[in-house]
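Everything below concerns the one structure shown next.
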Amino acid sequence: MFVSLRMKTSTHQPLSIMAKLFAIISFLLISNMAYSQNNPTKLTTAPSEIKQTAGHDALGDFAPKFAELNDDVLFGQVWSRTDKLSLRDRSIVTVTALVSSGIIDSSLTYHLTEAKKNGVTRTEIAEILTQVALYAGWPKAWGAFRQALEVWKDSSEAADARQKFEQELIFPIGRPNDAYAKYFIGQSYLAPISTAQVKFVNVTFEPGCRNNWHIHRATSGGGQMLVGVAGRGWYCEEGKPAVEILPGTVIHIPANVKHWHGAAKDSWFSHLAFELDGENTSNEWLSPVTDEEYLAL
């Protein structure tokens, strides 16, 4: 979904504008590729290099061939095929196979721990083991649940929601936006993405978080552009219906227009924010968005 509101822009230096747009698109493509390479929930563009030494460490002298098959083949070749199946999905398959086979020992503990590292949340592992129980047997699931409780003991539903959101996000959430906290209701985060050529930041909002009404002042040019990158949020100009922002939504905010933006009440949300060049630019922060205004959405 792409939304385009009218934006006052200068018509001079078209090549410079095109160059900036090209730089933005290139940066996003490169960031997405790098993100996939390092995210265990995503397919990679090529096989990964996964090293395992447990077999050699424990059985290298006693059973060198078994150690080789475990470390170099199972992990070095099969688990490394992350261009075919993500690490997260391989963890789910492995845990399911172990529980179904009645292997509720240290092997399962290891793979549950790896599953957590590879992005399987507390909520998901509970659903996975419940599903397995109905096909593989109740006692096996009970044994697996005892281990899963220990592995995910520090997790919560709120942590799950953030973890799943971070899996969708190709940019860092960043640090708490303390410098501007007084202009927000709820917790927001700020991550500078580019400080040269085209300057922009990733702004992340926890569910229900929104900024105050505000205006990007300029005597000419100016304004702001938002690009939704993860989750679901809202943009609202004074006197107009609110616009939903989803990944890929582009919002053009004219200078000198009163507005606000933030997350939906039940979703984390991130957008890129681009400040547009102009003369005599400044931000004017106004009153908070009331609960009545926000909940009316």
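Placement of Val151 and Val132 within a single hydrophobic cluster is found when ILVMFWY residues are connected by side-chain heavy-atom separations under 4.5 Å, directly or transitively. Criterion: ILVMFWY side-chain heavy atoms under 4.5 Å apart, direct or through other members. Under it, Ile103 and Leu129 are part of a common hydrophobic cluster. Hydrophobic clustering, with ILVMFWY side chains joined whenever heavy atoms are under 4.5 angstrom apart, keeps Ile185 apart from Trp213. Taking hydrophobic clusters as Ile, Leu, Val, Met, Phe, Trp and Tyr residues chained together by side-chain heavy-atom distances below 4.5 Å, Val289 does not share a cluster with Ile253. Val257 and Leu226 are not part of a single hydrophobic cluster, where members link through side-chain heavy atoms under 4.5 Å apart.
If you take CZ on Arg122 and CD on Gln163, they are separated by 12.0 Å, rounding to the nearest 0.5 Å. Here the straight-line distance linking atom OG of Ser156 with atom CZ of Arg162 works out to 11.0 Å at 0.5 Å rounding. Atom OG of residue Ser282 and atom CZ of residue Arg217 lie 7.5 Å apart, to the nearest 0.5 angstrom. Here the straight-line distance linking atom OH of Tyr189 with atom CG of Asn177 works out to 10.5 Å at 0.5 Å rounding. Once rounded to the nearest 0.5 Å, the distance linking NE2 of His259 with CD1 of Ile215 reads 9.0 Å. Residue Phe274 holds its CZ atom at 13.5 Å from CD1 of Ile251, rounded to the nearest 0.5 Å.
Looking only at side-chain heavy atoms (C-beta outward), Leu74 and Leu69 stay at 4.5 Å or farther from each other. Residues Ser270 and Asn202 form a side-chain contact, since some pair of their non-hydrogen atoms from C-beta on lies under 4.5 Å apart. Annotation: side chain of Val227 is not in contact with side chain of Thr249 (no heavy-atom distance under 4.5 Å). Considering only heavy atoms from C-beta on, Met225 stays 4.5 Å or farther from Glu275 through its side chain. In this structure, Ile125 and Trp152 have side chains that are in contact, with non-hydrogen atoms separated by less than 4.5 Å. At a threshold of 4.5 Å between non-hydrogen side-chain atoms, the residues Phe269 and Thr204 do not count as touching. Side-chain atoms of Leu272 and Phe171, non-hydrogen and from C-beta on, do get closer than 4.5 Å to each other. Residues Trp260 and Leu286 form no side-chain contact, since every pair of their non-hydrogen atoms from C-beta on lies 4.5 Å or further apart.
Without hydrogens or angle criteria, Asp160 side chain to Thr121 main chain gives no donor-acceptor distance under 3.5 Å. With hydrogens and angles ignored, the 3.5 Å screen pairs a side-chain donor or acceptor of Gln147 with a backbone N or O of Ile104. The backbone N or O of Thr82 sits nowhere less than 3.5 Å from a side-chain atom of Ser48 that would complete a donor-acceptor pair. No donor-acceptor pair closer than 3.5 Å links the side chain of Thr53 to the backbone N or O of Asp57.
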- Take Glu127 and Glu124 through the side-chain contact (heavy atoms from CB on, under 4.5 Å) test and state the conclusion after the steps. CA-CA 5 Å; Glu127 286 298 311; Glu124 288 172 334; 5.7 Å; no

- Task: Carefully, step by step, assess Asp89 and Ser86 under the rule side-chain contact (heavy atoms from CB on, under 4.5 Å).
- Result: CA-CA 5 Å; Asp89 292 343; Ser86 72; 3.3 Å; yes

- With side-chain contact (heavy atoms from CB on, under 4.5 Å) as the test, would you mind laying out the steps for Asn211 and Trp285 before giving the verdict? CA-CA 9 Å; Asn211 52 30; Trp285 290 99; 3.9 Å; yes

- Task: Begin with the C-alpha distance, continue with both residues' side-chain angles, and end with the deciding distance and a verdict on side-chain hydrogen bond (donor to acceptor under 3.5 Å, both in side chains) for Glu293 and Thr290.
- Result: CA-CA 5 Å; Glu293 291 172 315; Thr290 66; 3.3 Å; yes

- Could you walk me through whether Leu59 and Asn70 pass side-chain contact (heavy atoms from CB on, under 4.5 Å), step by step? CA-CA 10 Å; Leu59 298 170; Asn70 184 83; over 6 Å; no

- Message: Test salt bridge (Lys or Arg N to Asp or Glu O under 4.0 Å) on Arg232 and Glu244; report intermediate values, then the result.
- Response: CA-CA 7 Å; Arg232 187 169 71 92; Glu244 185 180 43; 3.1 Å; yes

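Considering every non-hydrogen atom in both Phe184 and Asn212, the closest pair reads N-OD1, 4.0 Å. Ser80 and Phe75 get closest at one heavy-atom pair: OG-O, 3.1 Å. The minimum heavy-atom distance between Gln52 and Ala54, with the atom names listed, is OE1-N, 3.0 Å. Smallest separation of non-hydrogen atoms from Arg88 and Asn118: CB-O, 3.1 Å. Shown here for Glu168 and Gly231, the closest heavy-atom pair between the two residues is OE1-N, 3.7 Å. In terms of heavy atoms, Ile50 sits closest to Trp79 at CD1-O, 3.2 Å.
Between Tyr235 and His271, a ring centre-to-centre spacing not shorter than 6.0 Å is recorded. The aromatic ring centroids of Tyr183 and His214 lie 6.0 Å or more from each other.
Around NZ of Lys258, the count of heavy atoms belonging to other residues, nucleotides or ligands within 6.0 Å exceeds 12. The number of heavy atoms from other shown groups lying within 6.0 Å of CG (Asp266) is above 12. By the 6.0 Å contact criterion, CZ on Arg81 is open, its count of non-hydrogen atoms from other residues, nucleotides or ligands being 12 or less.
For Arg175 and Tyr180, the positive end is not near the middle of the six-membered ring at less than 6.0 Å and at most 45° from its axis.
Ion pairing between Arg210 and Asp291 holds under the 4.0 Å rule for side-chain N and carboxylate O. Salt bridge Glu49/Lys51: present, at least one basic N to carboxylate O contact under 4.0 Å. The existence of a salt bridge linking Glu114 and Arg90 is excluded, since no basic side-chain nitrogen approaches an acidic carboxylate oxygen closer than 4.0 Å.
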May I have the list of side-chain donor-acceptor pairs in residues 136-145 shorter than 3.5 Å, sequence neighbours left out?
| residue | atom | partner | partner atom | Å |
| --- | --- | --- | --- | --- |
| Lys140 | NZ | Ser100 | O | 2.8 |

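At a cut-off of 3.5 Å, with distance as the only test, no side-chain donor of Asp83 or Thr44 sits close to an acceptor on the other residue. With hydrogens and angles left out, the side-chain atoms of His216 and Asn256 include no donor and acceptor closer than 3.5 Å.
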